[in-house]
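Numbers here simply count residues along the sequence, with the first being 1. First listed ligand is number 1; within each ligand, the first listed atom is number 1.
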Amino acid sequence: MNGKTPIILDVDPGHDDATAIMLACGSEKLDLLAVTTVAGNVPLEKTTRNTLKILSLIGRPDIPVSAGASAPLERPLHTAENVHGESGLDGPYIPEATFAADERSATELLADTIESSPEPVVLVPVGPLTNIALFLRERPDLKEDISRIVLMGGSVGLGNTTPAAEFNIYVDPEAAREVFASNLPITMCGLDVTHKAGAGPEERKRLRSLGEVGGIVAEFVEFFALTYEKIYGFDAPPLHDPVAVASIIEPGILQTRPMHVAVECGSDLTRGETVCDLHGVMKKKPNAEVGVGLDRERFFELLYDSLERL
Ligand code: RIB
Ligand code: CA
């Protein structure tokens with residue numbers, strides 16, 4: 001018990017996942033116990049390789065990493081090399097990892113880590129929810145040792161992969177449906193709040209001033225900005241995944257509202273849509289605290305402070 005919040009990250013690096021890992025490791029308020037990887041932005045082999053490289057770069061080979069699902073529960077994998085490049089972390093040179101992935105499966109690492117934690121653990125999935133759904137299927141007994149799930153995914157409004165769906169939920173809607181039906185406390189950091197965390201030229205300039213790690217994050221964002229400019233026409237790519245981590249470091253930066261969230265799995269047109277009942281018109285019990293506002297300035301201050309500490 002060191003007064004820090006114990007968390008486990010589930011990631012698909014991806015530039016913003018990589019930044020979320022750095023934010024978690026640099027924070028004095030969080031204890032990153034373990035990381036599990038999932039196929040998403042790029043295939044599993046690459047998301048795992050990228051995770052090991054990032055933790056090696058920041059001198060944290062002590063944090064165990066286990067590879068999880070290589071495909072969604074029921075659908076073929078849909079990836080995002082158009083956003084993150086072939087490697088999933090195109091842009092700056094990152095040396096090869098100095099340690100290997102843990103032999104255990106993602107479910108085994110999640111179970112062992114949760115069971116050995118003296119206090120309930122916060123799960124922080126920032127990729128498709130496949131690993132989390134599989135874990136909850138296999139170890140429902142450990143739900144009582146999970147304090148909450150803080151996820152990056154979904155949107156009250158429009159999507160970013162289709163007009164209706166955000167990428168993480170689009171890739172594995174069935175997994176997301178199971179997680180939202182888990183009755184665990186969920187905080188959903190969707191596009192409505194992550195789009196307020198765009199890192200433009202000013203933010204990139206400040207990141208470069210933070211030393212080696214800040215400089216690498218600035219290069220991540222420069223790459224991300226190129227692809228974002230091409231696809232969406234603006235050059236301040238949102239730091240989606242770090243928003244989820246920052247909301248645990250300082251909950252006050254995120255304004256949320258309790259809502260019932262349902263996930264569309266049937267329609268080809270709107271598959272992966274998080275149907276968020278903002279006004280409670282369906283009279284269903286809310287199953288998530290959904291992000292509706294972000295203190296952008298404070299978010300970036302938290303990010304800069306953490307990166308400077310690495
Ligand atoms: O839609 C944004 C999400 O999809 C982020 O988690 C990004 O890393 C990708 O996984
Ligand atoms: Ca991600």
Side-chain angles (χ1 to χ4, degrees), residues 7-24 35-44 46-51 54 65 67-72 77-85 87-91 106 123-132 149-173 175-176 179 187-199 217 220-221 223-225 227-228 231-232 234 236-247 263 271-274 276 290-291 294:
I7 72 168
I8 298 173
L9 268 169
D10 185 70
V11 295
D12 65 328
H15 296 83
D16 55 328
D17 303 71
T19 306
I21 292 168
M22 292 170 164
L23 172 58
V35 182
T36 51
T37 60
V38 66
N41 283 314
V42 286
L44 180 66
K46 291 181 180 175
T47 59
T48 306
R49 179 166 173 263
N50 292 337
T51 300
I54 290 297
V65 175
S70 58
L77 178 62
H78 172 88
T79 52
E81 286 86 351
N82 62 323
V83 177
H84 297 280
S87 73
L89 270 188
D90 283 19
L123 296 189
V124 190
V126 293
L129 290 163
T130 319
N131 288 343
I132 307 302
I149 294 176
V150 180
L151 65 89
M152 191 280 135
S155 171
V156 179
L158 296 176
N160 61 359
T161 303
T162 69
E166 176 278 328
F167 178 83
N168 289 337
I169 312 299
Y170 176 83
V171 170
D172 199 341
V179 171
T187 300
M188 177 181 126
C189 300
L191 298 178
D192 320 276
V193 290
T194 67
H195 277 171
K196 296 176 191 296
V217 173
F220 282 162
V221 179
F223 179 85
F224 209 176
T227 55
Y228 246 77
I231 302 166
Y232 299 105
F234 61 93
L239 293 178
H240 301 286
D241 299 340
V243 169
V245 173
S247 76
V263 180
R271 129 227 181 141
E273 179 175 9
T274 45
C276 301
V290 177
L294 178 75

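With respect to atom 6 (O) of ligand 1, the closest heavy atom belonging to the protein is Asp241 OD1, 2.6 Å. When only non-hydrogen protein atoms are considered, atom 8 (O) of ligand 1 lies nearest to Asp16 OD1, 2.7 Å. Regarding atom 10 (O) of ligand 1, its nearest protein heavy-atom neighbour is Asn168 OD1, 2.9 Å. Shortest contact from atom 9 (C) of ligand 1 to any protein heavy atom: Asn41 OD1, 3.2 Å.
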For this session: Evaluate the side chain to side chain contact (heavy atoms under 4.5 Å, CB included) criterion for residues Cys276 and Met188: first the C-alpha distance (whole Å), next the side-chain angles of each, then the deciding distance (0.1 Å), finally the verdict.
Result: CA-CA 10 Å; Cys276 301; Met188 177 181 126; 3.8 Å; yes
Problem set entry | Intermediate values then yes/no, side chain to side chain contact (heavy atoms under 4.5 Å, CB included), Leu9 and Val245 | CA-CA 9 Å; Leu9 268 169; Val245 173; 4.1 Å; yes
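Within ligand 1, counting atoms from 1 as listed, the ones closer than 4.0 Å to a heavy atom of Phe167 are 1 (O), 4 (O), 9 (C), 10 (O). Close approach to Asp17 involves these atoms of ligand 1, each under 4.0 Å from a residue heavy atom: 8 (O). Taking every heavy atom of Met152 and a limit of under 4.0 angstrom, the matching atoms of ligand 1 come to 2 (C), 3 (C), 5 (C), 6 (O). Residue Asn160 has at least one heavy-atom neighbour below 4.0 Å for each of these atoms of ligand 1: 1 (O), 2 (C).
Taking CD1 of Ile21 as the reference point, atom CG of Asn50 lies at 9.0 Å (rounded to 0.5 Å). Rounding to the nearest 0.5 Å places CG of Asp90 at 6.0 Å from NE2 of His15. Remark: Asp172 CG to Phe167 CZ distance equals 11.0 Å, nearest 0.5 Å. Between the NE2 atom in His78 and the CG atom in Asn41 there is a gap of 9.5 Å [rounded to 0.5 Å].
Using a 4.0 Å cut-off between heavy atoms, Thr194 makes no contact with ligand 1 at all. Only the side chain of Asp12 comes within 4.0 Å of ligand 1, judged by heavy-atom distances.
Closest heavy-atom approach to atom 3 (C) of ligand 1 within the set His84, His240, Glu166: this belongs to Glu166.
Looking only at side-chain heavy atoms (C-beta outward), Phe224 and Thr19 stay at 4.5 Å or farther from each other. By the 4.5 Å heavy-atom criterion applied to side chains, Asn168 and Asp12 are counted as neighbours. Side-chain contact between Ile149 and Pro125: present, with at least one pair of heavy atoms (C-beta onward) separated by less than 4.5 Å.
In terms of N/O distances under 3.5 Å, ligand 1 is approached by Val126.
The Ca ion (ligand 2) lies at the vertex of an angle of 140° between the OD2 atom of Asp241 and the OD1 atom of Asp12 (rounded to 10°). Taking the Ca ion (ligand 2) as the apex, the angle formed with O of Val126 and OD1 of Asp17 is 140°, to the nearest 10 degrees.
Metal site remark for the Ca ion (ligand 2): Asp16 contributes no N, O or S atom at a distance under 3.0 Å.
The aromatic rings of Tyr228 and Tyr232 lie tilted to each other, with the angle between the two planes from 30° to 60°.
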